[in-house]
A.B. asks: 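Sharing a structure below in structure tokens format, with a few things to ask.
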Number of protein chains: 2
Amino acid sequence: MAKSSRITARDGVRADARRNRERVLVAARAVFAEHGIDAPMATVARRAGVGVATLYRHFPTRDALVRGAFAQQMEACARALTEALAAPDPWQGFQQLVETVCALQREERGFPAAFVAAFPESTSEHAQSRRRAEQDFTTLVRRAQASGELRADFRPSDLAVVLLAHCGLVTALPDDGAASRRLVAYLLQSFRTDPANKPLPPPTALSLRSLPMAN
Amino acid sequence: MAKSSRITARDGVRADARRNRERVLVAARAVFAEHGIDAPMATVARRAGVGVATLYRHFPTRDALVRGAFAQQMEACARALTEALAAPDPWQGFQQLVETVCALQREERGFPAAFVAAFPESTSEHAQSRRRAEQDFTTLVRRAQASGELRADFRPSDLAVVLLAHCGLVTALPDDGAASRRLVAYLLQSFRTDPANKPLPPPTALSLRSLPMAN
DNA sequence: GTCCAAGTGGACGATTGCGTCCACTTAGGA
DNA sequence: TCCTAAGTGGACGCAATCGTCCACTTGGAC
């Protein structure tokens with residue numbers, strides 16, 4: 001079993017370092033859930049049982065830590081979008097997507113704030129994958145509208161409205177998720193085509209990309 | 001013109017003190033709008049052109065300052081509720097109320113956070129007037145439902161859901177209000193009775209009183 | 001077992017915000 | 001004009017958080 005490469009284990013990182021990194025991520029999720037995304041770095045370090053220096057080596061900025069802590073959730077969101085596009089019924093896909101993303105936000109406390117605080121560096125891979133997600137979502141919207149089930153005046157930027165509003169809700173409430181479910185149901189209902197619908201006020205000028213940047 | 005009473009002017013408060021109090025309130029609104037409700041007290045004092053001590057004499061706690069700064073808006077909300085109850089058509093009243101409150105929140109940046117942060121001391125007149133508002137709103141809801149225009153499964157606690165979500169939205173966006181208007185329109189639409197509506201998930205256990213307390 | 005680079009922890013100086021204290025200023029009644 | 005209590009401002013002590021530096025420890029190659 002020649003499992004060790006030239007320098008050290010697997011990825012050239014010492015085993016204890018990798019272990020500590022993981023402990024920090026677990027601690028970060030716990031602390032962020034409990035005290036919000038602005039909790040002191042030292043608290044995270046203490047919870048993880050490591051020194052501050054160790055924390056800062058693995059995650060030089062709070063932002064990096066936040067991103068690391070919720071990387072799984074971000075990926076789950078991306079996956080949900082892919083699945084939504086693959087769904088046979090585009091409205092089903094749309095509905096599924098909104099529900100899944102909101103469910104993710106309500107399950108991992110602190111994630112919504114992280115999600116909204118978003119990606120500061122606009123040159124990175126993140127900006128790229130975000131633009132990609134934006135395009136995919138726009139496609140999904142168009143299809144659902146073409147199928148006649150999503151109201152014609154829905155704009156992709158309305159997703160930002162939904163997510164920000166939902167984020168505010170779940171962040172404010174240490175709740176079992178009932179409020180979140182209720183809001184989502186109300187909103188999805190009014191997104192669905194209904195001949196009796198009155199015209200909405202003009203859509204926002206927002207693109208998904210213009211979610212507030214951390215800065 | 002015997003305008004001065006025994007001690008000093010009008011209310012027994014020196015003219016310069018009253019003037020400073022007003023300057024502080026103006027400054028507080030400006031600073032809260034710009035930097036959020038957690039802006040340093042010293043910033044408010046500097047903006048008002050007074051010393052910190054002066055600020056602390058007039059408003060011993062940040063909470064008192066916040067409440068003072070947005071007292072007008074709170075009163076406007078209360079007035080809106082009264083007017084809604086007096087409206088000939090209860091659904092119109094309901095709609096008006098939601099729109100007016102949300103308009104107030106979007107116009108004075110920082111007010112939503114103040115509104116939600118709410119009233120800490122539960123023994124005060126505030127708790128009482130809040131309970132009163134709660135009862136009045138419940139009455140309004142019942143009437144609108146009786147008229148058949150508001151969906152039967154709407155719960156008064158849903159107002160908390162709306163306000164928290166809306167607060168999150170306008171707080172996150174330094175925006176012209178388009179997003180806020182859009183959200184409100186979507187929500188009002190789904191509150192309106194529609195035979196095609198599917199049942200909602202169970203209402204939250206929240207009473208309006210359980211909006212997060214500033215602990 | 002030996003060795004050393006990678007990894008670690010916590011002390012530390014800097015910064016920021018809080019709220020109080022006290023010596024000075026001033027409004028306004030007499 | 002004088003007098004004094006009400007009002008004022010800013011310096012100060014305290015606490016929290018940040019991010020760095022450096023002396024010590026340890027994983028793992030040989």
Side-chain angles (χ1 to χ4, degrees), chain A residues 1-28 31-32 34-68 117 120 214-215, chain B residues 1-28 31-32 34-69 110 117 120 214-215:
Chain A
M1 299 174 182
K3 66 165 70 168
S4 67
S5 107
R6 266 179 60 260
I7 305 295
T8 50
R10 250 197 300 168
D11 45 1
V13 173
R14 252 167 59 171
D16 56 342
R18 197 166 45 246
R19 199 183 327 124
N20 275 339
R21 185 178 201 278
E22 209 46 50
R23 297 174 90 193
V24 165
L25 286 177
V26 171
V31 170
F32 288 160
E34 198 166 334
H35 304 295
I37 228 180
D38 292 327
M41 300 291 262
T43 305
V44 175
R46 206 174 327 116
R47 177 85 157 235
V50 305
V52 256
T54 300
L55 192 162
Y56 277 108
R57 170 150 345 85
H58 289 301
F59 306 98
T61 67
R62 153 172 270 108
D63 204 78
L65 178 58
V66 168
R67 231 177 301 129
N215 115 40
Chain B
M1 300 177 187
K3 67 165 66 169
S4 66
S5 104
R6 266 181 60 260
I7 306 293
T8 49
R10 248 197 300 171
D11 46 359
V13 173
R14 253 167 60 170
D16 56 342
R18 197 164 46 245
R19 200 183 325 124
N20 275 340
R21 192 189 143 87
E22 210 45 52
R23 296 173 92 193
V24 166
L25 285 177
V26 171
V31 170
F32 288 159
E34 199 167 333
H35 304 295
I37 229 179
D38 293 327
M41 299 291 261
T43 305
V44 175
R46 206 174 328 114
R47 177 85 157 235
V50 305
V52 256
T54 300
L55 192 163
Y56 277 108
R57 170 148 346 86
H58 288 300
F59 305 98
T61 67
R62 153 173 270 108
D63 204 78
L65 178 58
V66 168
R67 231 178 300 129
N215 162 34

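Sequence lines set the chain letters: A, B, ... in the order given, protein chains first and strands last, and positions in each chain run from 1.
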A.B. asks: Do B:Met41 and B:Leu65 have side-chain heavy atoms sitting under 4.5 Å apart?
C.D. replies: yes
A.B. asks: Checking contacts here: which listed nucleotide (C:dG19, C:dG28, C:dG9) is nearest the side-chain heavy atoms of A:Val50?
C.D. replies: C:dG9
A.B. asks: In terms of side-chain heavy atoms of A:Val52, which of D:dG28, C:dG17, C:dA11 is nearest?
C.D. replies: C:dA11
A.B. asks: Give the rounded distance in Å between these two atoms: CZ of B:Arg46 and P of D:dA11.
C.D. replies: 13 Å
A.B. asks: Expressed in angstrom and rounded to an integer, what is the separation of B:Met41 atom CE from C:dT20 atom P?
C.D. replies: 10 Å
A.B. asks: Roughly how many Å is it from CG in A:Leu65 to C1' in D:dC18, rounded to a whole number?
C.D. replies: 14 Å
A.B. asks: Could you give the CZ-to-P distance, from B:Phe59 to D:dG7, as a whole number of Å?
C.D. replies: 14 Å
A.B. asks: Could you tell me how far apart A:His35 (NE2) and D:dA16 (C1') are, to the nearest whole angstrom?
C.D. replies: 14 Å
A.B. asks: Verify the contact: side-chain N or O of B:Arg62 to OP1 or OP2 of C:dG19, cut-off strictly under 4.0 Å; return yes or no.
C.D. replies: no
A.B. asks: For the backbone of A:Phe59 and the side chain of A:Arg21, can you confirm whether one donor and one acceptor N or O come within less than 3.5 Å of each other?
C.D. replies: no
A.B. asks: For B:Asn20 and D:dA6, what is the distance between atoms CG and P respectively, to the nearest whole Å?
C.D. replies: 17 Å
A.B. asks: Both B:Thr43 and B:Asp16 contact DNA chain C. Taking the nearest nucleotide for each, which residue is further toward the 5' end?
C.D. replies: B:Thr43
A.B. asks: Between D:dA6 atom P and B:Arg18 atom CZ, what is the distance in whole Å?
C.D. replies: 16 Å
A.B. asks: What heavy-atom pair brings B:Val31 and B:Ala39 nearest, and what distance separates the two atoms?
C.D. replies: CG1-CB, 3.5 Å
A.B. asks: Specify the residue among B:Asp38 and B:Arg19 whose closest nucleotide of DNA chain C lies further upstream toward the 5′ end.
C.D. replies: B:Asp38
A.B. asks: Using modelled atom types and a 3.5 Å cut-off, is there a donor and acceptor pairing between side-chain atoms of A:Arg47 and backbone atoms of A:Val26?
C.D. replies: no
A.B. asks: Calculate the interatomic distance between A:Arg14 atom CZ and C:dA6 atom C1'; express it in whole Å.
C.D. replies: 5 Å
A.B. asks: Search all heavy atoms of B:Ile37 against all heavy atoms of B:Phe32 and return the closest pair with its distance.
C.D. replies: O-CE2, 3.7 Å
A.B. asks: Nearest to the B:Tyr56 side chain among C:dC18, C:dA27, D:dT20, which nucleotide is it?
C.D. replies: C:dC18
A.B. asks: Which part of the nucleic acid, if any, lies within reach of A:Ala53 when heavy atoms closer than 4.0 Å are counted: base, sugar-phosphate only, or nothing?
C.D. replies: base
